[in-house]
Amino acid sequence: DERVDTAPGRYLGLWRFQPKLWLVWYGKDIPFMYSVALHTMKKLYNVEIFNVTSDSLNDIITQLTEIHSIDTWKSFIYKIENGKYPGPHYADFLRVAIIYLYGGIYSDFDSIWLKKLPPFKLLMIDEPSNGVLGGYPKNKWLYNVLKSMPTAYDPNSWNSIGAGLLKNSLNKLPDTSEFTFIKYKEMYSVGWTEAKQYYSRSYEQLKHVNMGYQLHMFGKMTKLNQNNIPVKNSLYANVIRDVGIDICNNHPNGIMWDT
């Protein structure tokens, strides 16, 4: 790969080619609207889905023994598996571990992507959020995040190893000149408290929204796991149509892809 030197942690410059975009999936079948989101991502990036299994987790933690012992990582994984929020906490851990090990971009799965990100070395949303992050392999920022995770983890706290930990590790770096900061509104044009109404009501009834790099669907609020599709002429339906996908609203599993 022309982008990364063979020496761990050394980096040759901004991505000259668009990096791989990584997703994390915890479960079996991918619900309908997640497949719609995936299609928009594949129009822009080479996408790889990391499926969370015991084997895939073991493979990841085996590669992270430079940071903690295998026993420490196994204890950490056990706590996640038996905690209150195993799915979200696996995703919090794996988004950092994958980008640290392999480089690229992490994205939440429930996101309609509209355009590519600018070239970057390290990438973070300018307000504490871990819905999108990026970096080159073995960078110091994500090393520090992973170093802190086992002790910072609280199985009863949704965000104990999430955005706040990324921000804290960033603040401890002596130099942040490698970072590209993306404005929060360019990733979250609609906030999580507004998502349901923009998904279930005609866009004409709501205030105008300026689009950024993606439109987050906030799957928990919009019930994507229940194969809930956006109402015709809602903001989400209009944006999905504009990127070349026509959802057949009269059939819950119907979709027409662009050619």
Side-chain angles (χ1 to χ4, degrees), residues 1 3-6 8-11 15 17-27 30 34 37-38 41-42 44-68 70 72-74 76-77 79-81 85-111 113 116-117 120-125 129-150 152-153 159-167 169-170 178-180 182 187 213-214 216:
D1 190 323
R3 294 167 291 186
V4 182
D5 197 311
T6 54
R10 292 184 59 191
Y11 182 66
W15 295 96
F17 306 101
Q18 285 292 338
K20 181 177 289 186
L21 188 144
W22 291 89
L23 305 168
V24 171
W25 187 250
Y26 180 78
I30 296 174
Y34 287 92
L38 178 60
M41 298 174 197
K42 287 183 174 180
L44 300 175
Y45 289 105
N46 176 18
V47 178
E48 185 155 342
I49 300 173
F50 184 95
N51 289 295
V52 182
T53 67
S54 58
D55 288 343
S56 65
L57 285 168
N58 284 333
D59 180 58
I60 288 289
I61 63 176
T62 299
Q63 297 180 69
L64 294 174
T65 52
E66 64 183 287
I67 302 176
H68 287 295
I70 195 73
T72 297
W73 286 122
K74 285 182 176 180
F76 175 59
I77 294 299
K79 290 175 183 177
I80 290 178
E81 182 64 35
Y85 308 107
H89 287 163
Y90 273 135
D92 284 341
F93 164 57
L94 287 167
R95 72 189 71 197
V96 176
I98 288 168
I99 301 305
Y100 174 76
L101 290 171
Y102 309 125
I105 302 165
Y106 166 84
S107 172
D108 282 347
F109 213 137
D110 52 349
S111 302
W113 276 81
K116 290 182 177 180
L117 292 164
F120 65 87
K121 293 182 180 181
L122 300 171
L123 182 133
M124 185 179 177
I125 301 172
S129 171
N130 62 352
V132 174
L133 63 95
Y136 55 89
K138 304 297 180 75
N139 67 78
K140 186 64 174 176
W141 172 45
L142 296 185
Y143 176 96
N144 291 341
V145 175
L146 290 166
K147 187 75 173 177
S148 302
M149 270 194 182
Y153 181 60
N159 197 34
S160 64
I161 54 172
L165 194 58
L166 289 175
K167 185 69 172 180
S169 296
L170 168 70
E178 287 190 317
F179 280 83
T180 296
I182 303 296
M187 286 298 177
Y213 292 100
Q214 58 157 249
H216 204 292

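If you read the sequence from its start, that first residue is 1, and numbering goes on from there.
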Go through the structure and list residues passing side-chain contact (heavy atoms from CB on, under 4.5 Å) with [X], not counting sequence neighbours.
X: Asn58; answer: Ile61
X: Tyr26; answer: Val52, Glu81, Pro86, Tyr90
X: Thr72; answer: His68, Ser69, Pro150
X: Lys167; answer: Met124, Pro128, Leu170, Asn171

With sequence neighbours excluded, what pairs up with [X] under the side chain to side chain donor-acceptor pair (under 3.5 Å) test?
X: Ser160; value: none
X: Tyr213; value: none
X: His216; value: Asp108, Asp110
X: Ser56; value: Thr53

Which atom of [X] lies closest to which atom of [Y], heavy atoms considered:
X: Tyr153; Y: His89; value: OH-ND1, 3.0 Å
X: Gly162; Y: Asn130; value: CA-ND2, 3.5 Å
X: Asn159; Y: Gly164; value: ND2-N, 3.9 Å
X: Ile60; Y: Ala97; value: CG2-CB, 3.8 Å
X: Ala163; Y: Ser129; value: CB-N, 3.3 Å
X: Ala37; Y: Ser111; value: CB-O, 3.3 Å

Do [X] and [Y] come within less than 4.5 Å of each other through their side chains, counting heavy atoms only?
X: Leu117; Y: Val132; value: yes
X: Ile30; Y: Ile49; value: yes
X: Trp113; Y: Leu21; value: yes
X: Tyr106; Y: Val24; value: yes
X: Ser107; Y: Met41; value: yes
X: Leu142; Y: Leu133; value: yes

[atom1] of [X] to [atom2] of [Y]: how many Å apart, nearest 0.5 Å?
X: Leu57; Y: Lys74; atom1: CG; atom2: NZ; value: 12.0 Å
X: Ile125; Y: Thr180; atom1: CD1; atom2: OG1; value: 13.0 Å
X: Asn144; Y: Ile67; atom1: CG; atom2: CD1; value: 9.0 Å

(message) Taking the ring centre of each residue, are Trp22 and Phe50 less than 6.0 Å apart?
(response)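 Not close enough - the centres of the two rings lie 6.0 Å or further apart.
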
(request) Could you pull out all residues at least two apart from Glu48 that satisfy salt bridge (charged side-chain N to carboxylate O under 4.0 Å, His left out)? (result)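 With neighbours one apart ignored, the set is Lys20.
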
(request) Could you list the residues that satisfy ring pair (Phe, Tyr, Trp, His ring centres under 6.0 Å) with Trp141, not counting sequence neighbours? (result)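 Testing Trp141 for ring pair (Phe, Tyr, Trp, His ring centres under 6.0 Å), a comparison that skips the adjacent residues, returns Phe179.
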
(request) Could you tell me which residues satisfy ring pair (Phe, Tyr, Trp, His ring centres under 6.0 Å) with Phe93, sequence neighbours excluded, listed by chain and number? (result)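 Applying ring pair (Phe, Tyr, Trp, His ring centres under 6.0 Å) to Phe93 gives Trp73, Phe76.
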
(message) We want to know whether Tyr100 and Gln63 form a side-chain donor-acceptor pair, criterion being a heavy-atom distance below 3.5 angstrom.
(response)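 Short answer, no.
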
(request) Kindly state each residue pair satisfying salt bridge (Lys or Arg N to Asp or Glu O under 4.0 Å) with at least one member in residues 52-63, sequence neighbours excluded. (result)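 Output for this query is empty, none listed.
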
(request) I would like to know whether Val96 and Met149 meet side chain to side chain contact (heavy atoms under 4.5 Å, CB included); could you show each step before the answer? (result) CA-CA 10 Å; Val96 176; Met149 270 194 182; 3.9 Å; yes

(message) Is it the case that over 12 heavy atoms from other parts of the model lie below 6.0 angstrom from the NZ atom of Lys147?
(response)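 Result for NZ/Lys147: enclosed.
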
(request) Sort out for me which residue in Ile105, Leu123, Asn46 forms a side chain to side chain contact (heavy atoms under 4.5 Å, CB included) with Pro19. (result)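 Exactly one option meets the side chain to side chain contact (heavy atoms under 4.5 Å, CB included) with Pro19, and it is Ile105.
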
